[in-house]
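Bear in mind that the values here come from a model prediction, so they are computed numbers and not experimental data. The basis for the numbers below is simple: all heavy atoms, side chains too, and nothing from hydrogens, waters or symmetry mates. Per chain, numbering begins at 1; letters A, B, ... match sequence-line order.
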Number of protein chains: 4
Amino acid sequence: MNSEMAQMIAGTLQNGVHHLAARVYYADTDFSGFVYHGRYLEFFERGRTDFLRLKNVHHTELAEGALGGEPVVWVVRRMEIDFKAPAKIDDLLLIQTEVESIRAARVFMKQSISRDGVVLCNAMVEAVMITTAGRPRRIPDEWIDSFINKAKI
Amino acid sequence: MNSEMAQMIAGTLQNGVHHLAARVYYADTDFSGFVYHGRYLEFFERGRTDFLRLKNVHHTELAEGALGGEPVVWVVRRMEIDFKAPAKIDDLLLIQTEVESIRAARVFMKQSISRDGVVLCNAMVEAVMITTAGRPRRIPDEWIDSFINKAKI
Amino acid sequence: MNSEMAQMIAGTLQNGVHHLAARVYYADTDFSGFVYHGRYLEFFERGRTDFLRLKNVHHTELAEGALGGEPVVWVVRRMEIDFKAPAKIDDLLLIQTEVESIRAARVFMKQSISRDGVVLCNAMVEAVMITTAGRPRRIPDEWIDSFINKAKI
Amino acid sequence: MNSEMAQMIAGTLQNGVHHLAARVYYADTDFSGFVYHGRYLEFFERGRTDFLRLKNVHHTELAEGALGGEPVVWVVRRMEIDFKAPAKIDDLLLIQTEVESIRAARVFMKQSISRDGVVLCNAMVEAVMITTAGRPRRIPDEWIDSFINKAKI
């Protein structure tokens, strides 16, 4: 296990859109035979977390006060999720993540999960950075430039 | 363990609104110290499932073809979720569930999770009944009367 | 939601053995049609946590330093689990938990999950209390008397 | 997303031992700050499933009757798990899986999870192949030769 492996499983950025592969295992499914609807939120979280990782923003460091001394964590404020078609065991999924806009402490992201080019699930996510005391923490200006998908402008 | 116990943990219906208690355990939390956002969907699912149970609609029976012979399962089509304040370990939560409307195979539900009278999370849920072949299955007329909150009319 | 409700969902102690009811929901199952094997560990955790709750030991208070000022958490060190028969959707399960012995910072527990008097799953669990710095924290003497099943002596 | 990607995230076999990388996300952790003990079972399941995948044994195909016409699924019968040191958010884990022995319908596997060469968790797993009617299904002879780690003999 090394930096090559670390890089490999963090996905890739293409024109500001993060791409991450994920396999469906037993744990992700329910007795209907398909992926449990709540598990898609875990796939989406992986996408957002690895988007940030490739932008050099790490949960561990944030929780240790890397951003001006005060520990901060990410919190999801709102999600809109459209479940369009089901994923199932052994499926190989593609999670796509991009930042739509940023306002103060809030980041608005657009995400999708697809299989063989067919979208199974779409999500709009509003995430907020807060201090461990619960106060919103403004997104640093340098992140804004880095996060927003320039390729679309 | 008996029918008394079974009844007790299925919650109660009050004026068409289902009330269910749930405790927050280690498994529900994440390293931020709060409940993981994806786990609220499990609490909401418990509410919907036990609402149905008190209406005498059971997943097991549906999957065994109780509704006209063809096995059916519930699928979530769309969710809008507002995470307003965090729940944490040991919290005692109240899950509230009510049916807003029904159209063909689709049921629209309004749900909330609160602690000590303060709402932590709201959700609008669109669920669909489908056959195991993936076709929508119309909600039986007698369920419509039973599901909709008459107290509000 | 009140203290009556709080008491009700924490289970009961009978001759030193804790009894807790749990329902199987969609989230607990996998595509095999049965409960996912990893989810039994969540049911067992609920049993241990509510055993402690009835002994007046609360995760929140421990994490806030109630035990001599230093924050402590519980960690599972070892588990042996026998999956004897599967649970499935809508099942009403009984989780039983008792303390076998205590040595320094370690508590040895015996747990089972059953349905209608038939045991589905057995577990032996070794849990340790540690400080957030990772050092074992000796179990207080007064807990030892309280935890051990006197009825068996 | 293509066959190259599919191959990449299924891990590798080295002298009969399967190696799979996994990242720790928010969803895997609990409020203690570490990975929730029950989630290690999901990491272990990924290792076993991808070991089988590289041996050309797929859950989907088994459930569809690829093995002599009768649908079969894998069930875990027994696990012994030693949690030696905690994993935490952002950790890059290595899951190692090898088959120790096979008897009739039962496969005995040895698994570990490590970080930077340090073992965090060990497991002995007994899995059984059963028909959907619940009867054990003998492991095909050709699998036995393929599964057992020849490099050790």
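Checked by atom type and distance alone, the side chain of Glu45(C) pairs as donor or acceptor with a backbone atom of Ala27(B) at under 3.5 Å.
Contact annotation for Thr60(B): both backbone and side-chain heavy atoms come within less than 4.5 Å of a heavy atom of chain C. Only the side chain of Arg53(C) comes within contact range of chain B, with heavy atoms under 4.5 Å apart. With a threshold of 4.5 angstrom between heavy atoms, Arg48(C) does not approach chain B through any atom at all.
Looking at Glu42(B) and Arg39(C), a side-chain N of the basic residue comes within less than 4.0 Å of a carboxylate O on the acidic one, giving a salt bridge.
The two residues His59(B) and Asp90(C) make their nearest non-hydrogen contact at N-OD2, 3.1 Å. Considering every non-hydrogen atom in both Ile9(C) and Ala22(B), the closest pair reads CD1-C, 4.1 Å. Scanning both residues, Tyr26(C) and Trp74(B), for their nearest heavy atoms gives OH-N, 3.2 Å.
Within 6.0 Å of atom NZ in Lys84(C), 12 or fewer heavy atoms from other residues, nucleotides or ligands are found, so the atom counts as exposed in its surroundings.
Your options are Leu41(C), Asp91(C), Asp50(C), Asp28(C), and the one with the most heavy-atom pairs under 4.5 Å with chain B is Asp50(C).
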